[in-house]
Amino acid sequence: MKYNEVIETLKDLIYKWDDVQKICDYMILGAVLLDASDIHIEPLLNYVRLRYRSDWELREILEYQNFLHQWIVARFKILSDLKIDESRKPQDGRISKTIEGKSLDLRVSTLPTVHWEKVVMRIVDKSKEIPDFEDLWIEGKNGDLIKKALSLPNGIILTSGPTWSWKSTTLYSALVMLNRVNVNIMTLEDPVENQIDGINQSQVKPDIGYSFANGLRTALRQDPDIIMVWEMRDKETVDIAIEASLTWHLVLSTIHTNSAAETITRVLNMWVKPFLLPASFNIIIAQRLVKRLCPHCKKEVSFSELWEEVLKNIKHAISITPKQELERRVWDKLKKPVFYKAVWCDKCDWLWYKWRVWLYEVLEISPWVKEMILSWSSAFNINNQAIKDGMISLEQDWIMKALNGETSLEEVYRVAKSSNK
């Protein structure tokens, strides 16, 4: 079935109150067909709202009457093995389904609100193929630095960014590239989203005491060459990861920060000794995922059509970008610079955009950055120094990709400005 047909059928089922099981199944099916990452079922004052998060934006799908909500919540609780009679406190569960040939893991979260329980489901498509490392849009100097860091026998590589930036996809692609018969690779994940043949993958279970820190200690007894830790959540995990990197292991992990420089201050705020960071960190990656323009209908926007402030920011970002990087990526575009905007066509449907583009900044621990770490400098100052040392910032990477027609300026500044707060 097509997405529009599913939503119309869902509306009809709700109107007739025909079958709760079918209603819940169609709620999930609609999200899968839209390629949504989350399903939100929210009880409000006078109605209940169903929304899907697609391409990082919440889209309202439909509304239904409040008295139907308790039956839908009960159905999802049954599917995710939660307590039906418990509505006073939050609960977490999981649903495993195969829909449209996709093996899905839905992480279900219920939360008591003033009207009733809100249900949010994160959709993890376990059947998605891991993209090749070369297909991650890591261009120019950023690609050189990441490949160099992955070729080293030890050290830490951290990827940072908000939820939905697909940090784990970058790590999975790196692991596939590093996966060889003479290398012992181990992962600690929550959950295991993609199974990779030849890699020892383990899912942590904090509720029984199997945390990232405990798992990392055990992994180090398994003679690993490379360890991937799903997330650096606490000081204990960071301390063990640093110790592992200093004892000839390559450690890959993620952390929730807005920029590469903020990752340094975040780790320091965990009371990690400053001198350990330059000794153990190879690189820090910050990444985002933005909408890619549909190649069939994108429309040119000349420099003269841009707002003066936007034009000023673009010119400044280009002026501080190393000439060698501009020559590698956009030199021919700078002779007659043109940006693009989204237009509707039947090939990109009503979303205007088609697919996604990865955007990166990669921070090396240069001698000047090392001195700033040791003196507990702010993330703002570290970021400025890194750019002076030749780092390609997120904004610079995005502008170059916008010049190449891969994304629009609206997308660039929608994400760029949120990163510079």
Would you check if there is a donor-acceptor pair between the side chains of S103 and T98 at a distance under 3.5 Å? no
Under 3.5 Å, side chain of K401 to main-chain N/O of W137, donor-acceptor pair present? yes
With no hydrogens and no angle check, do the side chains of E42 and Y47 hold a donor and an acceptor under 3.5 Å apart? no
What's the spacing between Y3 OH and S54 OG if we round to 0.5 Å? 8.0 Å
For the residue pair N200 and N184, confirm or rule out a side-chain donor-acceptor distance under 3.5 Å. yes
Ion pair D12/K22, N-O distance below 4.0 Å: no
Does W230 form a side chain to side chain contact (heavy atoms under 4.5 Å, CB included) with S168? I'd like the steps, not just the answer. CA-CA 8 Å; W230 194 251; S168 58; 3.5 Å; yes
Can you tell me how far the OG atom of S393 sits from the CD atom of E361, to the nearest 0.5 Å? 6.0 Å
Any side-chain heavy atom of I255 within less than 4.5 Å of one from V267? yes
Sole residue of D397, T170, T159 in side chain to side chain donor-acceptor pair (under 3.5 Å) with Y360: T170
In terms of side-chain heavy atoms, does S245 have a donor or acceptor partner in N154 at a distance below 3.5 Å? no
Whether D35 and R356 form a salt bridge (side-chain N of Lys/Arg under 4.0 Å from carboxylate O of Asp/Glu) is what I want to check. yes
Does the side chain of Y52 pick up a donor-acceptor pair with the side chain of S37 at under 3.5 Å? no
K102 NZ: over 12 foreign heavy atoms closer than 6.0 Å: yes
Which pair of non-hydrogen atoms, one from P90 and one from P112, has the smallest distance, and what is that distance? N-CD, 3.7 Å
Side chains of L359 and L289: closer than 4.5 Å at any heavy-atom pair? no
Which heavy atom of V20 sits nearest to which heavy atom of W71, and what is that distance? CG1-O, 3.7 Å
Are I72 and Y64 close enough that some pair of their side-chain heavy atoms sits under 4.5 Å apart? yes
In this structure, CG of N142 is separated from NZ of K147 (nearest 0.5 Å) by 11.5 Å
Side chains of T265 and E262: donor-acceptor distance under 3.5 Å anywhere? no
Do M121 and I41 come close enough that some side-chain heavy atom pair is under 4.5 Å? yes
Is it true that the side chains of S87 and E117 contain a donor and an acceptor less than 3.5 Å apart? no
What I want to find out is whether R329 reaches E139 closely enough, with some N-O distance under 4.0 Å, to be called a salt bridge. yes
Check whether any side-chain heavy atom of L394 lies under 4.5 Å from a side-chain heavy atom of Q287, and answer yes or no. no
Run through N179, I185, T187 and flag the one making a side-chain contact (heavy atoms from CB on, under 4.5 Å) with I196. N179
If you measure from OG1 on T263 to CD1 on I382, what distance do you get to the nearest 0.5 Å? 10.5 Å
Regarding E189 and Q201, do their side chains bring together a donor and an acceptor under 3.5 Å, going by distance alone? yes
So V330 and E325, side chain to side chain contact (heavy atoms under 4.5 Å, CB included) or not? Walk me through it. CA-CA 8 Å; V330 292; E325 187 74 5; over 6 Å; no
R94 and D190 ion-paired at < 4.0 Å: yes
Run the side chain to side chain contact (heavy atoms under 4.5 Å, CB included) test on I157 and V251 for me, step by step, so that the C-alpha distance in whole Å, both residues' side-chain angles and the decisive distance to 0.1 Å come before the verdict. CA-CA 6 Å; I157 299 172; V251 181; over 6 Å; no
Taking the basic N atoms (NZ, or NE/NH1/NH2) and the acidic carboxylate oxygens, is any pair closer than 4.0 Å for K298 and E406? no
When you measure from the side chain of N404 to the backbone of M400, do you find a donor-acceptor pair of N or O atoms at a distance under 3.5 Å? yes
Stepwise side chain to side chain contact (heavy atoms under 4.5 Å, CB included) check, L44 with E63: CA-CA 10 Å; L44 305 176; E63 301 168 359; over 6 Å; no
Walk me through it: do R107 and E193 pass the test salt bridge (charged side-chain N to carboxylate O under 4.0 Å, His left out)? CA-CA 12 Å; R107 291 179 246 170; E193 291 185 4; 3.3 Å; yes
Looking at L62 and I14, what are the two nearest heavy atoms and their distance? CD1-CD1, 3.7 Å
I'd like to check I365 versus L277 (side-chain heavy atoms, cut-off strictly below 4.5 Å). Are they in contact? no
Test of understanding: with ring pair (Phe, Tyr, Trp, His ring centres under 6.0 Å), list the residues that count as partners of W166, not counting sequence neighbours. W358
salt_bridge(E231, R233) N-O dist < 4.0 Å: yes
Can a side-chain donor-acceptor contact be found between N4 and E8 if the only test is distance below 3.5 angstrom? no
Any carboxylate oxygen within less than 4.0 angstrom of a Lys/Arg side-chain nitrogen, looking at K148 and D144? no
Treating D234 as the side-chain partner and E236 as the backbone partner, does any N or O pair qualify as donor plus acceptor under 3.5 Å? yes
Do D389 and E364 have side-chain heavy atoms sitting under 4.5 Å apart? no
Hey, are the side chains of I285 and L363 touching, using non-hydrogen atoms and a 4.5 Å cut-off? no
SB check D25 K97 (cutoff 4.0 Å): yes
